[in-house]
Structure formats: structure tokens, C-alpha cells
Amino acid sequence: MPPLLNMKIVLFAILSGGVLSAAAAPVPLAPPDPESPPVPLTLAAARDLALRRLPRAVAAQLRAEGAQAQVEQARSAYLPMVNAYLTAVDAGNENTRILAGGLNNPSIYDRAAGGVAISQLLTDFGRTGNLTAGAKLAARAEGQNAAATREQILLEVDVSFFSALQAQAILRVADQTLQARRFLVDRVSALAHNQLKSSLDVSFSQVALEEAELLRQKAAGDEEAAEAALSADLGYPTEQHFVLADPAPPPAAPPDLAAALAAARRDRPDLARLRYERDAARRFARAENDLSGPTVTATGTVGDAPWRDSHLPEHYAAGGVNLNFPIFTGGLYRARQHEARIKADIADQNLREAEDDADRDVRIAWVNLRTAGQRQTTAAQLVRHAREAYQLAQARYQAGSSSIVELSQAEVERTSAEIGLAGARYGLMAAQAALEYQTGALK
């Protein structure tokens with residue numbers, strides 16, 4: 001073997017070994033700013049943080065608590081109403097009388113008196129019961145709305161978390177690629193300086209290095225944007241830097257589609273909210289129908305008048321039962337009943353539409369999860385083949401049977417495959433979270 005060829009083989013062996021070691025060795029990210037150290041964060045911790053910090057989650061819980069107060073308001077009609085009165089009257093002229101202004105007691109006497117009046121609803125023939133039942137259903141609907149808001153927040157956090165992990169993984173690939181190509185430029189430039197390689201190889205390696213610079217710049221920008229999105233979803237007003245813990249991969253195969261559709265109908269809180277709202281609207285419609293019925297109340301009062309006109313007794317007490325039966329209301333009650341029935345029908349139609357939309361969303365999420373699983377499998381195979389192709393290209397280039405263009409192309413394909421695998425891996429996790437959200441299983 002000629003000495004020059006032997007020297008070339010040795011130099012190319014050193015070069016290829018250095019490129020391989022640089023490509024294989026993980027490159028750490030830039031050291032964090034000591035003034036703002038990165039925050040270790042798991043997916044579970046991110047979820048808990050968002051639920052505690054986001055105003056939307058707090059507001060949904062407050063609305064649910066406020067709806068419980070409406071139940072007490074509706075149920076209060078079952079309890080007696082007690083009022084205390086203190087009255088002082090100076091009639092001006094003794095036995096002052098009101099001669100016009102209404103059907104009332106026309107006599108007004110000087111007095112100072114105090115007393116207590118009690119009023120108790122005996123029956124309104126179902127109206128208060130329907131109002132109370134409707135308020136309970138409305139409160140349950142708000143509780144389900146709070147649960148739906150919670151799951152929506154969890155989905156947003158999951159997607160942002162996986163996007164940030166993907167951006168960080170791509171940035172690591174870009175850093176490794178950049179280091180490997182810098183090493184290649186240095187080695188090829190040294191070989192060209194010793195006239196073992198042409199200046200064309202140096203130019204091609206420089207082009208590859210600049211492409212790696214562009215890739216690294218884009219990856220860094222995407223990583224910063226992903227961290228900003230995650231920070232906002234966690235309730236931070238400014239961008240935070242996190243060290244994210246990689247969660248366990250989801251199951252390889254999606255669940256049975258029929259079971260997923262049934263779970264969505266059964267477990268989704270937004271559908272449960274619409275069911276409660278429909279039932280509450282029906283109860284309110286019944287209560288409005290009860291407006292046309294009578295109302296029976298019992299009333300009693302007792303008191304004392306320590307200073308009074310001589311025509312008035314010192315002590316007084318009275319009690320009675322009142323029956324109120326509406327005869328003519330100008331069409332008010334009929335219009336309210338018609339409106340309540342229409343709102344109940346609208347609530348029923350809204351539920352049916354939401355159930356159909358839920359079936360569609362579950363099917364789409366199920367297909368996306370299945371496709372994401374297939375994509376991850378294919379991406380893993382592509383990475384394995386791209387690495388093998390890169391090793392073969394290195395061997396051919398080392399032996400002098402191929403150009404640096406072939407080696408650069410093989411390295412580009414390997415880098416692209418590794419980026420694709422990162423996207424497929426975290427895309428699968430996001431698809432799993434989306435299906436859990438659509439089926440009401442994202443807890």
C-alpha cells in the first residue's frame with residue numbers, strides 16, 4: 001500500500017472517529033443563569049401548579065360555590081319569615097283620618113308600639129319544590145362546569161408541557177449536529193491544508209456548518225417560545241425556565257373505540273353539565289306552570305303598645321290563613337310558562353348536539369392517537385436506518401469512494417430523522433392526553 005494512501009486512511013479514521021464521538025456524546029444546554037436557576041418540574045407538578053394559579057380555575061370553583069347559594073334561596077320559602085317592627089306615630093290631630101288614597105283603615109292614632117310578625121308558606125302546590133329541585137340541578141351543572149374547566153386546563157398544560165419537551169429535545173439534536181459539523185470543518189480544513197482534501201470539501205463542510213447554525217437558531221427560538229407558552233399556561237406573567245421531567249410513554253395501542261365512545265357519553269363533565277341544565281330547565285318550566293295555582297300562607301302577629309291613644313289596646317295579637325288564587329294576570333303567567341318550555345326544549349337540543357359533537361371528537365382523537373403510535377414506530381425505524389446509512393457514508397468517504405456531499409446528505413437525513421422521532425414521541429403523548437380529555441378520563 002502506498003505511504004500516502006496509508007496516511008490518508010489513518011487521518012480519515014481519526015476524523016470519522018471524532019465525528020462519531022461528537023455526534024454520539026450528549027451536549028448539555030447552556031449553563032443556567034445563576035440568578036434564576038431552572039425549576040425542576042414534573043407533569044403532575046405542572047398540572048397542580050396551573051390549577052392553583054390560573055384565575056380561570058378559581059373562578060369556575062367560585063361559580064360552583066355561588067350556585068349552592070341559589071339552592072338555599074329557593075329552599076328558604078319552606079321556612080317561616082319573621083320580622084320585628086317598631087312604630088312611632090304622631091297623628092297631629094287626634095283621630096286623624098285619611099279620606100282618599102286606597103282601601104285601608106282610615107284612622108291614624110298616636111302610638112309607639114313594637115311587635116313581631118310571622119308568615120309561613122303552607123303550600124304553593126309544588127312551585128317551591130320545583131324551584132328548589134331546579135336550583136340543585138343548576139348547582140350540579142356548575143360543579144360539572146368547574147370539572148370541565150379543570151380538564152381543559154389540564155389538557156392545555158399537557159400539550160404545552162410536551163411541546164416544551166419536544167423543543168428541548170430538538171435543541172439538543174441541533175446542538176449535537178452543530179458540534180459535529182464544527183468538528184468536521186476543522187478536520188477537513190486541516191486535511192485540505194495538508195493537501196489531503198480539496199477546497200471543495202471545505203466549502204461543502206462550511207455549508208453544512210451554516211445549515212447547522214440555522215437549525216440551532218430555529219430550535220433555540222422554538223424552545224424559548226415553548227417555554228413562554230408553558231409559563232403562561234401555568235399562570236406565570238413572565239417566561240420561566242424549567243427543567244422538565246420526561247414522563248413515561250403511553251400505551252402502544254389505543255383503547256377500544258366503542259369503549260371510548262361510551263366513556264365519553266358517561267364521563268365527560270361538559271355533557272353532564274348540559275344534562276343537569278336540561279333537567280333544571282324542565283323543573284323551572286314545571287314551577288312556572290304552578291304559577292297558575294293557589295298559594296296558602298299562615299300569618300300571625302303579636303306586640304305591645306306602651307304609649308298609645310286611648311282607643312287602642314295595650315297588647316295585640318292576630319293570626320289567620322290567606323289563600324291567594326290568581327284569576328287574571330294580563331297574560332304574564334302564560335307568557336312565562338311558554339318561555340320556560342321553550343328554554344327547556346333548547347337545553348335538550350343543545351345536549352343532543354353536544355353528544356353528537358363528542359362522538360365526532362372522540363373518533364378524531366382515537367384516529368390521531370392510532371396514527372401517532374404508527375408514526376412513532378416508523379420514526380424509530382427511520383432513525384435506525386438513517387444512522388446506519390450515515391455510518392456507511394462515513395465508511396465510503398473514509399475509503400475515498402464517495403464525496404463529502406454524500407456524507408453531508410447522510411448526516412442531514414440522520415438529523416432530520418432524530419428530529420422527527422422527537423416530534424413523534426411527544427406527539428404521541430399529546431394525542432394520548434387529547435383522547436383522555438375527549439373521553440372524560442383526564443384527571
Indicate every side-chain donor-acceptor pair of residues 342-350 with a distance under 3.5 Å to a residue at least two apart or in another chain.
from, atom 1, to, atom 2, distance (Å)
Lys343, NZ, Glu339, OE2, 3.2
Asn350, ND2, Ile346, O, 3.3

Residues 135-157, side-chain donor-acceptor partners within the protein, below 3.5 Å, at least two apart:
from, atom 1, to, atom 2, distance (Å)
Thr149, OG1, Asn145, O, 2.9
Glu151, OE2, Lys443, NZ, 3.1
Glu156, OE1, Arg56, NH2, 2.9

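Arg268 places no side-chain N or O within donor-acceptor distance of the main-chain N or O of Thr439, the cut-off being under 3.5 Å. In this structure, the side chain of Ser231 engages the main chain of Gln240 through a donor-acceptor pair within 3.5 Å. Using a distance-only test at 3.5 Å, with no hydrogens or angles considered, a donor-acceptor pair links the side chain of Thr132 to the main chain of Thr128. Between the side chain of Thr301 and the backbone N or O of Val116 there is at least one donor-acceptor pair closer than 3.5 Å. One N or O on the side chain of Trp366 and one on the backbone of Pro255 form a donor-acceptor pair closer than 3.5 Å. At least one donor-acceptor pair under 3.5 Å links the side chain of Asn368 to the backbone N or O of Ile364. Checking side-chain atoms of Gln120 against main-chain N and O of Tyr78 turns up a donor-acceptor pair under 3.5 Å.
The side chain to side chain donor-acceptor pair (under 3.5 Å) analysis of residues 315-328, with sequence neighbours excluded, yields the pairs Asp304-His315.
Between Tyr236 and Phe242, the two ring planes are tilted [angle within 30° to 60°].
With salt bridges taken as basic N to acidic carboxylate O contacts below 4.0 Å, one links Arg182 and Glu213. Under the 4.0 Å criterion applied to side-chain N and carboxylate O atoms, Arg181 and Glu210 are not assigned as salt-bridge partners. A salt bridge is absent between Asp175 and Arg172; no separation between the charged side-chain nitrogens and carboxylate oxygens falls under 4.0 Å.
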Show your reasoning for whether salt bridge (Lys or Arg N to Asp or Glu O under 4.0 Å) applies to Asp222 and Lys218. CA-CA 6 Å; Asp222 292 343; Lys218 182 179 184 304; 2.8 Å; yes
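Using a 3.5 Å distance cut-off with no hydrogens or angles, the side chains of Ser292 and Gln337 do pair a donor with an acceptor.
Two residues are said to be in side-chain contact when any heavy atoms from C-beta on lie closer than 4.5 Å; Asn289 and Arg127 fail this criterion.
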